[in-house]
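A short write-up of the structure that comes next.
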Amino acid sequence: MNLSTPEGQRIIRELCADADVLVENFRPGTLERWGLSPDDLRAINPRLVVARMTGFGQHGPMSRQPGFGTLAEAMSGFAASTGEPDGPPVLPPLAMADGIAGLAMAYAIMVALRARDETGHGQVIDMAIIEPIVSILGPQMTAYKMLGTIPPRTGNRSSSNAPRNTYRTRDGRWVAVSTSAQAIAERVMHLVGRPDLAGQPWFQHGRGRVEHVEELDSAVATWIAERDAGEVIDAFEQAQAAIALVYDVSDIAQDPQYAALETFVELDDEELGATTVQNVLFRLSDTPGEVRWLGPPLGKHTDDVLAELSYSPERIAELRESGVVA
């Protein structure tokens, strides 16, 4: 629907009369200008949940500016803390902030619907893309307010434990090693032939290991570089130490763990044919759900939806001809 037209506005009011949720991502004030504000729509249907996703939220000095995930990745502190210490801030090569905000909005909608079960009334959700990504970046603000610290860029290293990095094997593969637990850090150093380091007093806590990260990284990197990836993975697994190959998408496609979890499904799309996509993110024991389709071409169900509102085929054709609907 073209919501800037009076007919489009009338149709959306009719659709919202018995809808559960309306999700919109226009700039603040746009729905209000069209006479479709949350108050207007909830006057028609008090049970309606209106989910509003914008770059910067519905109020504040930046609220009416155009906002995209890239700006959220920059403003959240993510880019500033990502990258090598002597390099520039690094943005992700994908729509990370948008994806995080989408998951957060789905959760917010579930909460609003659960609240409606108790109160009988819907409500308005105001979500800014800049906020959910901040929530997953850890206690940066807490540390800044209490200690005045600003986290530096550390590349693949961690500020709380070591060794933690990516290392290249003899056959040119990359592996990622994590030693978040003290016992695992000790196992890694014994495995790579440096039990002497594991016996040092400073090794007994994460901060001490971080202070000696160069020595620890060198020991692990040297040992891994002398072996092929398969040998490295086997040795780490036998030592019960945490390691993983750095995958690209071709590795993911062949991985037995993803296959066991059924992380991807193949569906037959009317335009694309056989198409592989991500499955449901989780497994529910009683109501697992499934991905049944990839979404319709634009306008495929317009006739069906408007027919439910008692629009005649002739009227639907007129609306399509005038550009009100697709």
* To do: Check step by step if side-chain contact (heavy atoms from CB on, under 4.5 Å) holds for Arg33 and Phe26.
  => CA-CA 11 Å; Arg33 188 170 69 250; Phe26 294 105; over 6 Å; no

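- Note that the CZ atom of Arg42 and the CD atom of Gln123 stand 7.5 Å from one another [nearest 0.5 Å].
- Checking side-chain atoms of His301 against main-chain N and O of Asp304 turns up no donor-acceptor pair under 3.5 Å.
- Salt-bridge annotation for Arg52 and Asp126: absent, with no side-chain N of the basic residue lying under 4.0 Å from a carboxylate O of the acidic one.
- Across Pro28 and Gly57, no two heavy atoms sit closer than the pair CG-O, 3.5 Å.
- Residues meeting the salt bridge (charged side-chain N to carboxylate O under 4.0 Å, His left out) test with Glu211, sequence neighbours left out: none.
- For the atom pair CH2 (Trp174) and CG (Leu245), the distance works out to 13.0 Å, reported to the nearest 0.5 Å.
- Taking the side chain as every heavy atom from C-beta outward, Leu319 and Ile11 approach each other to under 4.5 Å.
- In terms of hydrophobic clustering, with Ile, Leu, Val, Met, Phe, Trp and Tyr side chains grouped at heavy-atom distances under 4.5 Å, Met105 and Ile133 are assigned to different clusters.
- Donor-acceptor pairing under 3.5 Å is recorded for the side chains of Asn156 and Thr166.
- Here the side chains of Leu103 and Leu281 are in contact, with some heavy-atom distance below 4.5 Å.
- The shortest side-chain heavy-atom distance between Glu271 and Leu294 does not fall under the 4.5 Å cut-off.
- If you chain together hydrophobic residues whose side chains sit under 4.5 Å apart, Leu216 and Phe236 fall into the same group.
- Asp303 places no side-chain N or O within 3.5 Å of a backbone atom of Ile316 that could act as its donor or acceptor partner.
- Proximity of Val232 to Arg173: side-chain heavy atoms (C-beta onward) are nowhere separated by under 4.5 Å.
- A donor atom on one side chain and an acceptor atom on the other are not found under 3.5 Å apart for Asp39 and Ser37.
- The pair Arg13-Asp40 fails the salt-bridge criterion, with no side-chain N (NZ, NE, NH1 or NH2) lying under 4.0 Å from an Asp/Glu carboxylate O.
- Of the candidates Gln200, Gln182, Glu215, Arg209 forms a side-chain hydrogen bond (donor to acceptor under 3.5 Å, both in side chains) with just one, namely Gln182.
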* To do: Dump the intermediate steps for side-chain contact (heavy atoms from CB on, under 4.5 Å) on Asn165 and Val220, then the final yes or no.
  => CA-CA 9 Å; Asn165 211 330; Val220 176; over 6 Å; no

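- Arg164 contributes no side-chain N or O that, together with a main-chain N or O of Ser178, makes up a donor-acceptor pair within less than 3.5 Å.
- Contact of the Arg64 side chain with the Arg27 side chain is not registered, since no non-hydrogen atoms from C-beta on lie closer than 4.5 Å.
- Of all non-hydrogen atoms in Pro85 and Gly155, the two that sit nearest each other are CD-N, 4.1 Å.
- In terms of modelled atom types and a separation under 3.5 Å, the side chain of Thr222 and the main chain of Ala219 share no donor-acceptor contact.
- For the atom pair Asp234 CG and Ile243 CD1, the distance stands at 10.0 Å (nearest 0.5 Å).
- The main-chain N or O of Gly206 is never found under 3.5 Å from a side-chain atom of Asn161 such that the two would form a donor-acceptor pair.
- Here the closest non-hydrogen pair linking Ala79 and Leu91 is CB-CD2, 4.0 Å.
- Annotation: side chain of Thr169 is in contact with side chain of Ile224 (closest heavy-atom distance under 4.5 Å).
- For Glu73 (side chain) and Met96 (main-chain N/O), a donor-acceptor pair under 3.5 Å exists by modelled atom type.
- Of all heavy-atom pairs between Arg153 and Ala80, the closest is CG-O, 2.9 Å.
- For the atom pair CD (Glu186) and CG (Leu197), the distance works out to 12.0 Å, reported to the nearest 0.5 Å.
- Here the side chains of Leu15 and Met1 are in contact, with some heavy-atom distance below 4.5 Å.
- Judged purely by atom type and a 3.5 angstrom limit, Gln254 uses its side chain to pair as donor or acceptor with the backbone of Ser250.
- With hydrogens and angles disregarded, a donor-acceptor distance shorter than 3.5 Å links the side chain of Thr179 to the backbone of Ala162.
- For the pair Asn279 (side chain) and Glu262 (backbone), a donor-acceptor distance under 3.5 Å is present.
- Among all heavy-atom pairs drawn from Cys16 and Leu22, the shortest one is SG-CD2, 4.3 Å.
- Under the 30°/60° scheme for interplanar angles, the aromatic rings of Tyr247 and Tyr258 are found to be tilted.
- Summarising the geometry, atom CD belonging to Gln238 is positioned 9.0 Å from atom CG belonging to Leu191; distances are rounded to the nearest 0.5 Å.
- Sorted by first and then second residue, the side-chain hydrogen bond (donor to acceptor under 3.5 Å, both in side chains) pairs involving residues 78-99 (not counting sequence neighbours) form an empty list.
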